[in-house]
Amino acid sequence: MKFQEVVTFPLTGPVEIFFLVLLIILICPLLFRKIGIPQIVGLIIAGVVIGPHGLNVLARDASFEIFGEVGILYLMFLAAVEINMFHLKKNLGKGLIFGLITFAIPTLFGIFGSRFAFGAGWYTCVLISTMYAAHTLITYPIVSRFGLQNSKPAVIAVCSTIVTVLLALLTLAGVIDSSSAGVFHVSRFFRLIGLMLVYALVVGFLLHYLTKYFFRKISDQVNQFIYVLAMVFLSSLLASLIGLEAILGAFYAGLILNRFIPERSGLMGRISFVGNAIFIPYFLIGVGMLINIEVIFKSWNVGWVALNMAVVAMTAKWISAFISSKIFGFNSTGRRLMFGLTSGKAAATIAAALIGFQHGLLTEDMLNGAVLMILVSCIIASVSTQNAAKKLRIELTEEELKKEDATRPGEYSRQLVAVANPVTAENLMKMALLMRHKNNRNPVTAVFVRNSDDAGRVQTGRNALKIAVTAAQAVDIEVKDIERYDINAVAGLTNEAKQNQASDIIIGLHRKNNIVDTFYGSLTEQLLNSTNRMIFISRCFIPVDTLGRLMVLVPDKAEYETGFQAWVERVGNLASQLAAKVIFLAYPATASFIKNVIISEGYAIRHEYRDLTSWDDFILHSHDITSEDLFIVIGARKGSVSHSGDMEGLPGYLQKNHSNDNLVVIYPEQFGGND
């Protein structure tokens, strides 16, 4: 049997198609990395080679159309969900300014450049200008891989994308409407604006409350992942129905879902992995399959059109980035990163070219030239982004190292998480992980202490340990799981803390069993007396990643305690991961020290301070705490500087007034934590 009888080209079987695509996704990055070409360019070139205009190994069939559409939506969603909302709000104005600049300059270049170079009509010139102005975040995976998604140039460029795509879409709609009807209908323009406002309100409200309800009811991360994807495509579908680009809906869904998906969570890990491993590479290969390089040799006019389009579009985008970087005070690295992110063209440009061709506004040479321009823009954007990202990563790392050498007195925290109940184990581990510094590479120790051989209790504890370990492994944090036999839980925890040099001990809040039982329980009280290490006592009735706000009660003179800076950092890390606002209830002198730590450590969080002058002020403010909040109380051991008569009665007050609230009580380290 001949090989041709077994395998025919282009491939049609789903198994061989998917196998070949996976092979390309696997080999291309390895191959092109060795010769210094960004893997994004490699995937596009691979699409050119194997596509219908190359070796014709694969046809651009329905699978590439579907996966390609999914890929671009996933790319926009990922860009929104990975942004720190604090950075986004802080740079939103700059993003709007850059968006207007990087739309206006390419539009002007496109209109007058096309009129001069091609002698085209005004409608055609305006349509071509929308292709120059619109851009796709095709190089965003490079920025994400270098961990620069929250750098100022990247955030501003991402914000600008929505502005330019939206304006390009409105301009395109106006051109098509005017060329078809012979007149521009203002009413249709305002109708689209009205639909956009309704869409933003309805989808924003719907996604927020549906997600909060779903995440609190369903903790399985596979189901959460499927839900997130469903909401992204629902938002995209609704955007399409009102006449917007689906990518705008995907980006908007990412912004709404952002606060429910912490960066250090298993769900975020799954979202990033699936997108970067399958959907986004599939989209890039599909873009390459559209490109037919042969048309250059068949008609010199196509080569001239493509060259003109590429030069004008890239020049206009570079000038836009140059002007904006001067306005914002960025150096050349920031300028190149902004240019790289905003010069790549794919989805919106392809759509504009096809629509223009269908309505007779673009000739076949212009259509082919536009497709070739996409290839050139993707190559230039990828190279520019990769080079700038490398340099910016080095610059930021050097700054971070200098800052850490100047401000961080010791190593990062070493956490010990005590578990015994499978119901609370996952939330305890999540709380510990969210309080870690982003650069902390120390392993987490999960420990189950037992003092009997009761089969039921042992199995329950082992199940809790397994759940805690799984939660840590989901975010690629090294975890040591220990089952320890000791005379009692306190001895087991203190001995384990000494052996692992733990700085933080995280335990669950005791549940009262009878009327004479204390709020903390005898185990916690004994632990507080047995160790000077920082202790976190946690109780959450809802999943940690759905908390909306942190209310932190700080005692007078807390700044004099040894572990003051450490607990402020833990709260800052938690607030940053949850994108939650922090309200500190503190005495004025203490509040100024808290503010200094947050600013000096560079925490990108919203923080507010409410002054306390007496215990009565706290009681007044505590009525604002809701079921959406996490109430954090900074405790004080007896004999410490911040201990007082009011703190003595704190457990009783919490039991009486906050028994149904999400609560974390922190006892800071004392005397250096040496037991």
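We number each residue from 1, following the sequence as shown.
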If we ignore hydrogens and angles and just use 3.5 Å, is the side chain of Ser659 paired with the main-chain N or O of Lys656 as donor and acceptor? no
Ignoring hydrogens and angles, state whether a donor on the side chain of Thr626 or Asp629 is under 3.5 Å from an acceptor on the partner side chain. yes
I need the Cys159 SG to Leu92 CG distance, nearest 0.5 Å. 5.5 Å
Distance-only donor-acceptor hits, side chain of residues 571-583, under 3.5 Å, sequence neighbours excluded:
unit_1 : atom_1 : unit_2 : atom_2 : d
Asn573 : OD1    : Tyr603 : OH     : 3.1
Asn573 : ND2    : Met435 : O      : 2.9
Asn573 : ND2    : Glu569 : O      : 3.2
Gln577 : OE1    : Glu263 : N      : 3.4
Gln577 : OE1    : Arg264 : N      : 2.8
Lys581 : NZ     : Glu608 : OE1    : 2.7

Answer yes or no: is there a side-chain heavy-atom contact under 4.5 Å between Ile271 and Gln224? no
Thr460: partners by side-chain hydrogen bond (donor to acceptor under 3.5 Å, both in side chains), with sequence neighbours left out: none
Counting only heavy atoms not in Tyr560 (residues, nucleotides, ligands), do more than 12 fall under 6.0 Å from its OH? no
Taken in chain and number order and not counting sequence neighbours, the residues that satisfy ring-ring contact (aromatic ring centres under 6.0 Å, His included) with Phe593 are none
Look at the side chain of Asn529 and the backbone N and O of Glu525, then say whether any donor-acceptor pair between them is shorter than 3.5 Å. yes
If we ignore angles and hydrogens, is there a donor and acceptor under 3.5 Å between the side chains of Ser503 and Tyr412? no
What are the two closest heavy atoms between Met231 and Ala253, and how far apart are they? O-CB, 4.3 Å
Take Met534 and Ile666, measure what side-chain contact (heavy atoms from CB on, under 4.5 Å) needs, and give me the verdict at the end. CA-CA 7 Å; Met534 182 150 57; Ile666 303 175; 4.0 Å; yes
Under the 3.5 angstrom rule, does the side chain of Arg570 hit a backbone N or O of Ala566 as a donor-acceptor pair? yes
Can you name the nearest heavy-atom pair linking Thr494 to Thr531, along with the distance? CG2-CB, 4.3 Å
Between Pro443 and Arg414, the two heavy atoms sitting closest are CD-NH1, 4.3 Å
Check for a donor-acceptor pair, side chain of Asn91 on one end and backbone N or O of Lys94 on the other, with a separation under 3.5 Å. no
Nearest-0.5 Å distance that lies between atom CD1 in Ile599 and atom CD1 in Ile594: 12.0 Å
Within the distance-only criterion (no hydrogens, no angle test), does the side chain of Glu561 pair as donor or acceptor with the backbone N or O of Val641 below 3.5 angstrom? yes
Do Ser144 and Gln149 meet the criterion of a side-chain donor-acceptor pair at a distance under 3.5 Å? no
Donor-acceptor under 3.5 Å (Asn662 side chain, Ser627 main chain): yes
Is the positively charged end of Lys212 above the ring of Phe260, judged by distance under 6.0 angstrom from the centroid and angle within 45° of the axis? no
Looking only at non-hydrogen atoms, find the nearest pair between Asp611 and Pro588 and report the distance. CG-CG, 4.0 Å
If only atom types and distance count, is the side chain of Ser272 paired as donor or acceptor with the main-chain N or O of Gly269 below 3.5 Å? no
Would you check if there is a donor-acceptor pair between the side chains of Glu395 and Thr333 at a distance under 3.5 Å? yes
Show your reasoning for whether side-chain contact (heavy atoms from CB on, under 4.5 Å) applies to Cys540 and Met431. CA-CA 10 Å; Cys540 278; Met431 183 70 73; 3.8 Å; yes
Polar side-chain atom of Asp481 near backbone of Phe448 as donor-acceptor pair, under 3.5 Å: no
Tell me whether the centres of the aromatic rings in Phe205 and Tyr209 are closer together than 6.0 Å. yes
Looking at Asp504 and Arg533, is there a salt bridge between them, counting it only when a charged N and a carboxylate O are closer than 4.0 Å? no
Give a yes or no on whether the backbone of Asn488 and the side-chain of Asp486 come within a donor-acceptor separation of less than 3.5 Å. no
From Phe251 atom CZ to Ile162 atom CD1, the distance as rounded to the nearest 0.5 Å: 4.5 Å
Is the backbone N or O of Val479 less than 3.5 Å from a side-chain atom of Gln473, with the two atoms forming a donor-acceptor pair by type? no
For Ser452 versus Arg450, what's the shortest heavy-atom pair and its separation? O-NH1, 2.9 Å
Please determine whether salt bridge (Lys or Arg N to Asp or Glu O under 4.0 Å) holds for the pair Asp476 and Arg441, giving the CA-CA distance in whole Å, both sets of side-chain angles, and the decisive distance to 0.1 Å. CA-CA 10 Å; Asp476 294 327; Arg441 296 295 179 265; over 6 Å; no
Got Tyr227 and Asn223 here, is their nearest side-chain heavy-atom distance under 4.5 Å? no
So that I know where these two stand, are Phe584 and His607 an aromatic pair - ring centroids less than 6.0 Å apart? no
Between CD1 on residue Ile632 and CG on residue Leu585, distance to nearest 0.5 Å: 11.0 Å
Counting only heavy atoms not in Arg457, do more than 12 sit closer than 6.0 Å to its CZ atom? no
Just how far is it from atom CG of Asn276 to atom OH of Tyr140, taken to the nearest 0.5 Å? 9.5 Å
Going by atom types only, do Glu669 and Thr562 share a side-chain donor-acceptor pair under 3.5 Å? no
Hey, are Asn500 and Glu496 close enough side-chain-wise for a donor-acceptor pair under 3.5 Å? yes
Only residue of Val664, Val417, Val444 satisfying side-chain contact (heavy atoms from CB on, under 4.5 Å) with Ile506 is Val417
Let me see the working for Lys217 and Tyr213 under side-chain contact (heavy atoms from CB on, under 4.5 Å), right down to the final yes or no. CA-CA 6 Å; Lys217 295 295 182 182; Tyr213 176 82; 3.6 Å; yes
Residues Asn440, Ser413; criterion side chain to side chain donor-acceptor pair (under 3.5 Å); working and verdict: CA-CA 7 Å; Asn440 190 348; Ser413 64; 3.1 Å; yes
Non-hydrogen atoms of Tyr667 and Ala636 that approach each other most closely: CE2-N, 3.4 Å
Any side-chain heavy-atom pair of Leu654 and Val665 under 4.5 Å: yes
Side-chain touch Arg610/Asp624, heavy atoms, less than 4.5 angstrom: yes
For the residue pair Ser265 and Lys430, establish whether any side-chain heavy-atom pair is separated by less than 4.5 Å. no
Can you find a heavy atom in the side chain of Val419 that is under 4.5 Å from one in the side chain of Asn421? no
Distance (rounded to the nearest 0.5 Å) between His208 NE2 and Leu257 CG: 10.5 Å
Can a donor-acceptor pair be found between the side chains of Asp661 and His658 at a distance below 3.5 Å? yes
Contact between Leu663 and Val633 at the side-chain level, heavy atoms closer than 4.5 Å - yes or no? yes
Which is it for Leu392 and Phe146 under the side-chain contact (heavy atoms from CB on, under 4.5 Å) test, yes or no, and what are the steps along the way? CA-CA 9 Å; Leu392 184 59; Phe146 281 95; over 6 Å; no
Do Val597 and Phe564 have side chains that get closer than 4.5 Å, going by heavy atoms? yes
